[in-house]
Amino acid sequence: MNEGVEWAAHVCVLLHWLEEGQAVPAPVPVARLAEVYDLPAPYLVKQVQALTRAGITESVAGKRGGVRLARSADRITLMDVVAAIEGPDDAFACTEIRRRGPNEGRPDREFAKPCGIAHAMRGAELAWRRELAATSVLDLAEGTPRRVATDVRRHFART
C-alpha cells in the first residue's frame, strides 16, 4: 500500500475536525492541508483528486475554494479511502505458478481448487477489508485525543 493512503486518511480526519459544528463547511485549499503535514502539495493534490473521484471529498472552485468532505465522516470508511487511492483490485493476485515447471501439462482438473496460498491470502484480504469497512473516519477522529482536533482548528484559524 502506498503512502498516499495514509495521507488521504489523515486529510479526511482533518477535514472532519475543521467541519465539526459547521452548517456549511468551508473548503480548505489542498496546499494548506499539505503544509500542515509537511507534504509535497502536488502529490497530495493527486490523492485528494482520487478522493474526489470516489465521492469522498468534493472540490469547490474559486478564490475561497478547496476541498471538503462530500458526506459525513460516519459515512466514509477507511476501506472507501483505501479503494479510492489504491483502486478496487485485490492486494494479492495469484498467477498460478503452480502450473509451471514440473506441473506443466497436468490436466486442468488438478488445479480446480485454489492452492493453499491463494486461499489463505484471500481469507486474510477479506478479513482486512471487513475491518477497514467497519472503521469510519469518525471512528478515527474520535480515537484521537480532542486536544489534537483543537490544535488543528487553532492552526487553521490563525493562518
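The model shown is predicted, which means the values in this text are computed figures rather than measured ones.
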Quiz item: How close do Pro40 and Ala34 get, heavy atom to heavy atom, and via which atoms?
Solution: C-CB, 4.5 Å

Quiz prompt | Interatomic spacing from CZ in Arg99 to SG in Cys115 - rounded to 0.5 Å | solution = 11.0 Å

Quiz item: Rounded to the nearest 0.5 Å, what separation is found between the CG atom of Asn103 and the CZ atom of Arg106?
Solution: 5.0 Å

Quiz item: Crowded around Glu131 CD? As in, over 12 foreign heavy atoms under 6.0 Å?
Solution: no

Quiz item: Can Val36 be reached from Leu39 by stepping across I, L, V, M, F, W or Y side chains whose heavy atoms are under 4.5 Å apart?
Solution: yes

Quiz prompt | Pairwise side-chain contact, Trp17 with Thr150, heavy-atom cut-off 4.5 Å (strictly under) | solution = no

Quiz item: For the atom pair CZ (Phe156) and CZ (Arg158), what is the distance rounded to the nearest 0.5 Å?
Solution: 10.5 Å

Quiz item: Would you call Ile56 and Thr52 a side-chain contact if the rule is heavy atoms closer than 4.5 Å?
Solution: no

Exercise. Identify the heavy atoms of Ala31 and Ala41 that sit nearest to each other, and give their distance.
Key: CA-CB, 4.4 Å

Exercise. Would you please name every residue forming a side-chain hydrogen bond (donor to acceptor under 3.5 Å, both in side chains) with Arg153, sequence neighbours left out?
Key: Glu20

Practice problem: Consider only side-chain heavy atoms of I, L, V, M, F, W and Y, link residues closer than 4.5 Å, and tell whether Leu126 and Trp128 are in one cluster. | Solution: no

Quiz item: Any link between Met79 and Val137 through a network of hydrophobic side chains (Ile, Leu, Val, Met, Phe, Trp, Tyr) touching at under 4.5 Å?
Solution: yes

Quiz item: With ILVMFWY side chains joined below 4.5 Å, transitively, what does Met121's cluster contain besides itself?
Solution: Phe92, Ile117

Quiz item: Taking the side chain as C-beta and beyond, is there a heavy-atom pair between Val81 and Leu51 under 4.5 Å?
Solution: yes

Exercise. May I ask you to test the Leu140-His16 pair for a side-chain heavy-atom distance under 4.5 Å?
Key: no

Self-check item: Nearest-0.5 Å distance, CD of residue Gln49 to OG1 of residue Thr57
Solution: 9.5 Å

Self-check item: Residue pairs, two or more places apart or on separate chains, that pass salt bridge (charged side-chain N to carboxylate O under 4.0 Å, His left out) and touch residues 115-128
Solution: Asp90-Arg122, Glu125-Arg129

Quiz item: Any chain of hydrophobic side-chain contacts (each under 4.5 Å) joining Val45 to Ile85?
Solution: yes

Practice problem: Using a strict cut-off of less than 4.0 Å between a Lys/Arg side-chain nitrogen and an Asp/Glu carboxylate oxygen, indicate whether Glu104 and Arg100 qualify as a salt bridge. | Solution: no

Exercise. Would you name the heavy atoms of Arg32 and Val28 that are closest together and state the gap between them?
Key: CB-CG1, 4.2 Å

Quiz item: Yes or no on side-chain hydrogen bond (donor to acceptor under 3.5 Å, both in side chains) for His155 and Glu35, after CA distance, side-chain angles and deciding distance?
Solution: CA-CA 11 Å; His155 175 82; Glu35 169 262 323; 3.1 Å; yes

Quiz prompt | Short side-chain donor-acceptor distance under 3.5 Å, Thr77 and Ser136 | solution = no

Practice problem: Indicate the atoms forming the closest heavy-atom contact of Gly55 with Ala70, along with that distance. | Solution: O-CB, 3.3 Å

Which atom pairs, donor and acceptor, lie under 3.5 Å between side-chain atoms of residues 4-15 and protein residues at least two apart or in another chain?
none

Quiz item: Could you give all pairs that pass the salt bridge (charged side-chain N to carboxylate O under 4.0 Å, His left out) test and reach residues 68-80, with sequence neighbours left out?
Solution: Glu58-Arg68, Arg71-Asp80

Quiz prompt | Within one Ile-Leu-Val-Met-Phe-Trp-Tyr cluster: Val152 and Val30, side-chain cutoff 4.5 Å | solution = yes

Quiz item: Quick one: side-chain hydrogen bond (donor to acceptor under 3.5 Å, both in side chains) partners of Glu96, sequence neighbours excluded?
Solution: Arg98

Quiz item: Does Met1 offer a backbone N or O that forms a donor-acceptor pair with the side chain of Glu86 under 3.5 Å?
Solution: no

